[in-house]
A.B. asks: 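Supplied in structure tokens, the structure appears directly below.
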Amino acid sequence: MVHERTQVAIIGAGPAGLLLGALLARHDIDAVIVEHRSAEYVLARIRAGVLEQTTLDLLREAGVADRCLKEGLTHDGIELSFDGALHRIDFRALTGKHVTVYGQTEVTHDLMQSRAVAGLTTDYEAEDVQIEGFDGEHPVVRYVKNGVPHELACDFIAGCDGYHGICRATVPRDAITTYEKIYPFGWLGVLADVPPVRHELIYANHERGFALCSQRSKTRSRYYVQCSLDDQADQWSDDAFWDELRRRLPVDIAEAVTTGPSIEKSIAPLRSFVAEPMRFGRLFLAGDAAHIVPPTGAKGLNLAATDAGYLARGLAEHCLERSSAGLDHYSARCLARVWKAERFSWWFTSLMHRFPEAGAFGSRLQQAELTYLVGSRSASTALAENYVGLPI
Ligand code: RFL
Ligand code: PHB
């Protein structure tokens, strides 16, 4: 048995856990990250691509923003496609703000790299991770690494282990309330080394279903089409994907799409989920462990980052200033922001997708709302200010 001790045990090396670790290191607070996958596995997951300014500010505070500032693409707006035409929402004109296109893979890579350079401990490939004693003064994390049992004593546990993690699942059922909505479709995503069809992202509402033209760089594109939950990614050939994507775009845009072999192809289900509260004694949930949004608003990674920011500040106040105010307000502060992002992501998802049960009436309502949205400065501003990120 290996006995260790740290101030903060962080479960999960996704963006929430890694960013929290980096922010705590800035305050000289000792933290160990326990992750059940390998670093390579974590880096191979293709997920989010759009960062709010608030997320960039937190990366800067953590000392890991250099590459993102250099290589990230500044986007001043998005385009909405419906009725065979594109309509631009100009973020800069409407809000004075922009977003940065920089993949979650790159954010994760930068955070892992800075952790390795600073010599901070991350225990990858930890098996049978369990947490105990967070309702008292002396929480403990137990896990097995290379067949050897570990016992990590700590002051606090940060549950950053995603939607399927063990932290939320360990909380007694009567201490937690969950809210959930499952959408009757998924997103089929393809990553390909081809130049993006447009400089900015296109969100398309089409009678065949939603489509999204996104990107990771000037030479790498990320495209999505709404698909059935019964579909399997490997049953979609690359040709079938490109054909379906093009059908859902205005003709001139469809003709401009550069196709190529997919480097990754996967299906993600869409879900809205919130667990309340986000604190249980000395256990704090952060990121997907506490909440999930459908990806339409690009909010999942950004929420994970703001949770990590609030938690780092609360822990720093506690450890350095002996004030528990930040930790006491952590859950309420996060949830206030989370529910606004839940509302926006649900609304944007509802507006852009085909819902089997909505019928022709539902489609006509969507068209009316989209026409209103692009024709009204105040409606466009409401979309823009949510997309670029509400103030914290
Ligand atoms: P993560 O990224 O899921 O990381 C959790 C980490 O915890 C580990 N883990 C454990 N470790 C130890 N013990 C256990 N028992 C453990 N169980 C799990 C996992 O291996 C993992 O490394 O959560 P985090 O850090 O909260 O970050 C959240 C973001 O990853 C997530 O919100 C976004 O990626 C969501 N999301 C998207 N968000 C966007 O903003 N824009 C997008 O375009 C977007 N696309 C996506 C997405 C999520 C997807 N998922 C979940 C399948 C596309 C997909 C496919
Ligand atoms: C992505 O690039 O993966 C992406 C971008 C915007 C979204 C969702 C996904 O709303």
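Whatever order the structure lists ligands and atoms in, that order sets their numbers, starting from 1. Residues: numbered from 1 along the sequence shown.
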A.B. asks: What I want to know is whether Pro295 and ligand 1 share at least one N or O pair that is separated by under 3.5 angstrom.
C.D. replies: no
A.B. asks: Relative to the heavy atoms of Ala268, which atoms of ligand 1 are at a distance of less than 4.0 Å?
C.D. replies: 55 (C)
A.B. asks: For Arg142, is there an ion pair with Glu151 - N to carboxylate O distance below 4.0 angstrom?
C.D. replies: yes
A.B. asks: Considering only NZ, NE, NH1 and NH2 on the basic side and carboxylate oxygens on the acidic side, decide whether Arg67 and Glu106 come within less than 4.0 Å.
C.D. replies: yes
A.B. asks: I need the nearest protein heavy-atom contact for atom 20 (O) of ligand 1: residue, atom name and distance, please.
C.D. replies: Glu35 OE2, 2.6 Å
A.B. asks: Run the salt-bridge test on Arg248 and Glu244 with the 4.0 Å N-O cut-off and return the result as yes or no.
C.D. replies: yes
A.B. asks: Does any non-hydrogen side-chain atom of Val190 lie less than 4.5 Å from one of Trp236?
C.D. replies: no
A.B. asks: Tell me whether Pro295 has any N or O atom under 3.5 angstrom from an N or O of ligand 2.
C.D. replies: yes
A.B. asks: Would Tyr387 and Tyr203 count as having a side-chain donor-acceptor pair, cut-off 3.5 Å?
C.D. replies: yes
A.B. asks: Quick one: which ligand 1 atoms are inside 4.0 Å of a heavy atom on Val42?
C.D. replies: 22 (O)
A.B. asks: Near Arg37, which atoms of ligand 1 are under 4.0 Å from a heavy atom of that residue?
C.D. replies: 20 (O)
A.B. asks: Using a strict 4.0 Å threshold on nitrogen-to-oxygen distance, state whether Glu137 and Arg282 make a salt bridge.
C.D. replies: yes
A.B. asks: Check this for me: does any side-chain nitrogen of one of Asp238 and Lys265 sit under 4.0 Å from a carboxylate oxygen of the other?
C.D. replies: yes
A.B. asks: Quiz question: by atom type and distance under 3.5 Å, do the side chains of Ser272 and Tyr183 form a donor-acceptor pair?
C.D. replies: yes
A.B. asks: So is Arg47 polar-close to ligand 1, meaning N/O to N/O under 3.5 Å?
C.D. replies: yes
A.B. asks: Looking only at protein heavy atoms, which one is nearest to atom 4 (O) of ligand 1, and how far off is it?
C.D. replies: Gly14 CA, 3.4 Å
A.B. asks: Check whether the side chains of Asn205 and Arg354 place a donor and an acceptor atom closer than 3.5 Å, and report yes or no.
C.D. replies: yes
A.B. asks: Below 4.0 angstrom from a heavy atom of Gly165, which ligand 1 atoms are there? Numbered from 1 as shown, please.
C.D. replies: 17 (N)
A.B. asks: Among protein heavy atoms, which sits nearest to atom 21 (C) of ligand 1, and what does the distance come to when rounded to 0.1 Å?
C.D. replies: Arg45 NH2, 3.2 Å
A.B. asks: May I ask you to identify, for Arg47, whether its side chain, its backbone, both or neither come under 4.0 Å of ligand 2 on a heavy-atom basis?
C.D. replies: backbone
A.B. asks: Less than 6.0 angstrom from the centroid, inside 45 degrees of the normal: does Arg37 satisfy that with respect to the ring of Tyr41?
C.D. replies: yes
A.B. asks: Between Asp307 and His291, does any side-chain donor sit less than 3.5 Å from a side-chain acceptor?
C.D. replies: yes
A.B. asks: Does the plane of the ring in His199 sit parallel, tilted or perpendicular to the ring in His75? Use 30° and 60° as the thresholds.
C.D. replies: tilted
A.B. asks: Are any of the N/O atoms in Tyr224 less than 3.5 Å from those in ligand 1?
C.D. replies: no
A.B. asks: Show the atoms of ligand 1 that are less than 4.0 angstrom away from any heavy atom in Gly287.
C.D. replies: 26 (O)
A.B. asks: I'd like to know if Lys97 and Asp76 make a salt bridge, using a cut-off of under 4.0 Å between side-chain N and carboxylate O.
C.D. replies: no
A.B. asks: Any idea which of Gln104, His291, Glu52 brings a heavy atom closest to atom 29 (C) of ligand 1?
C.D. replies: Gln104
A.B. asks: Among Leu212, Leu270, Asp161, Asp288, whose heavy atom sits nearest atom 7 (O) of ligand 1?
C.D. replies: Asp161
A.B. asks: Taking non-hydrogen atoms only, is Ser214 closer than 4.0 angstrom to ligand 2 via side chain, backbone, both or neither?
C.D. replies: side chain
A.B. asks: Apply the test side-chain contact (heavy atoms from CB on, under 4.5 Å) to residues Ile33 and Leu18: give CA-CA distance (whole Å), side-chain angles for both, the deciding distance (0.1 Å), then the verdict.
C.D. replies: CA-CA 8 Å; Ile33 301 186; Leu18 286 166; 3.9 Å; yes
A.B. asks: Less than 3.5 Å between some nitrogen or oxygen of Tyr163 and one of ligand 1, yes or no?
C.D. replies: no
A.B. asks: Taking only heavy atoms of Leu212, which atoms of ligand 2 are found under 4.0 Å from at least one of them?
C.D. replies: 6 (C), 7 (C), 8 (C), 9 (C)
A.B. asks: Does His164 come within less than 4.0 angstrom of ligand 1, counting non-hydrogen atoms of the residue?
C.D. replies: no
A.B. asks: Can an N or O of Gly300 be found at a distance shorter than 3.5 Å from an N or O of ligand 1?
C.D. replies: yes
A.B. asks: Return the residue, atom name and 0.1 Å-rounded distance of the protein heavy atom closest to atom 13 (N) of ligand 1.
C.D. replies: Val129 CG2, 3.5 Å
A.B. asks: Indicate yes or no: does an N/O atom of Ala16 lie under 3.5 Å from an N/O atom of ligand 1?
C.D. replies: yes
A.B. asks: Just jot down the ligand 1 atoms closer than 4.0 angstrom to any heavy atom of Gly12, in number order.
C.D. replies: 6 (C), 7 (O), 8 (C), 11 (N)
A.B. asks: Would Ala289 count as a polar contact of ligand 1, with the cut-off being nitrogen or oxygen pairs under 3.5 Å?
C.D. replies: no
A.B. asks: Counting non-hydrogen protein atoms only, what is the nearest one to atom 16 (C) of ligand 1? Give residue, atom name and distance.
C.D. replies: His36 CD2, 3.6 Å
A.B. asks: Heavy-atom pairs closer than 4.0 Å: do any link ligand 2 to the side chain of Thr296, the backbone, both, or neither?
C.D. replies: backbone
A.B. asks: Can you confirm whether the side chains of Asp128 and Tyr143 place a donor and an acceptor under 3.5 Å from each other?
C.D. replies: no
A.B. asks: Can a non-hydrogen atom of Ala126 be found less than 4.0 Å from any atom of ligand 1?
C.D. replies: no
A.B. asks: Of the protein's non-hydrogen atoms, which lies at the shortest distance from atom 39 (C) of ligand 1, and what is that distance?
C.D. replies: Ala48 CB, 3.1 Å
A.B. asks: Tell me whether Asn302 has any N or O atom under 3.5 angstrom from an N or O of ligand 1.
C.D. replies: no
A.B. asks: Does atom NE2 of His138 have more than 12 heavy-atom neighbours from other groups under 6.0 Å away?
C.D. replies: no
A.B. asks: So for Ile46, does at least one of its heavy atoms come nearer than 4.0 angstrom to any atom of ligand 2?
C.D. replies: no
A.B. asks: Within ligand 2, which atoms have a heavy atom of Val50 less than 4.0 Å away?
C.D. replies: 5 (C), 6 (C)
A.B. asks: Quick check: does Ile11 get an N/O under 3.5 Å from an N/O on ligand 1?
C.D. replies: no
A.B. asks: Closest non-hydrogen protein atom to atom 27 (O) of ligand 1, residue and atom name please, with distance?
C.D. replies: Pro15 CD, 3.4 Å
A.B. asks: Tell me yes or no: between the side chains of Gln53 and Asp57, is some donor less than 3.5 Å from an acceptor?
C.D. replies: yes
A.B. asks: Just jot down the ligand 1 atoms closer than 4.0 angstrom to any heavy atom of Val34, in number order.
C.D. replies: 11 (N), 12 (C)
A.B. asks: Look only at interatomic distance and state if Gln215 has a nitrogen or oxygen under 3.5 Å from any nitrogen or oxygen of ligand 2.
C.D. replies: no
A.B. asks: Distance alone, cut at 3.5 Å: any donor-acceptor contact between the side chains of Arg216 and Ser221?
C.D. replies: no
A.B. asks: Going by the closest heavy atom to atom 3 (O) of ligand 2, which one wins out of Tyr224, Trp187, Tyr223?
C.D. replies: Tyr224
A.B. asks: Suppose I only count heavy atoms of Cys160 and a 4.0 Å limit; which atoms of ligand 1 are within that range?
C.D. replies: 5 (C), 6 (C), 7 (O)
A.B. asks: Pairing donors with acceptors under 3.5 angstrom, does anything connect the side chains of Arg271 and Tyr163?
C.D. replies: yes
A.B. asks: Under 3.5 Å, is there a donor-acceptor pair between the Trp347 and Glu342 side chains?
C.D. replies: no
A.B. asks: Does Glu71 pair with Arg220 as a salt bridge, N-O distance under 4.0 Å?
C.D. replies: no
A.B. asks: Hey, is ligand 2 close enough to Tyr387 that some N/O pair sits below 3.5 Å?
C.D. replies: no
A.B. asks: Indicate whether the side chain of Ser266 and that of Glu264 have a donor and an acceptor atom separated by less than 3.5 Å.
C.D. replies: yes
A.B. asks: How does Val101 reach ligand 2, if at all, at less than 4.0 Å between non-hydrogen atoms: by side chain, backbone, both, or neither?
C.D. replies: neither
A.B. asks: Could you find the nearest protein heavy atom to atom 15 (N) of ligand 1 and give me its residue, atom name and distance?
C.D. replies: Ile166 CG1, 3.5 Å
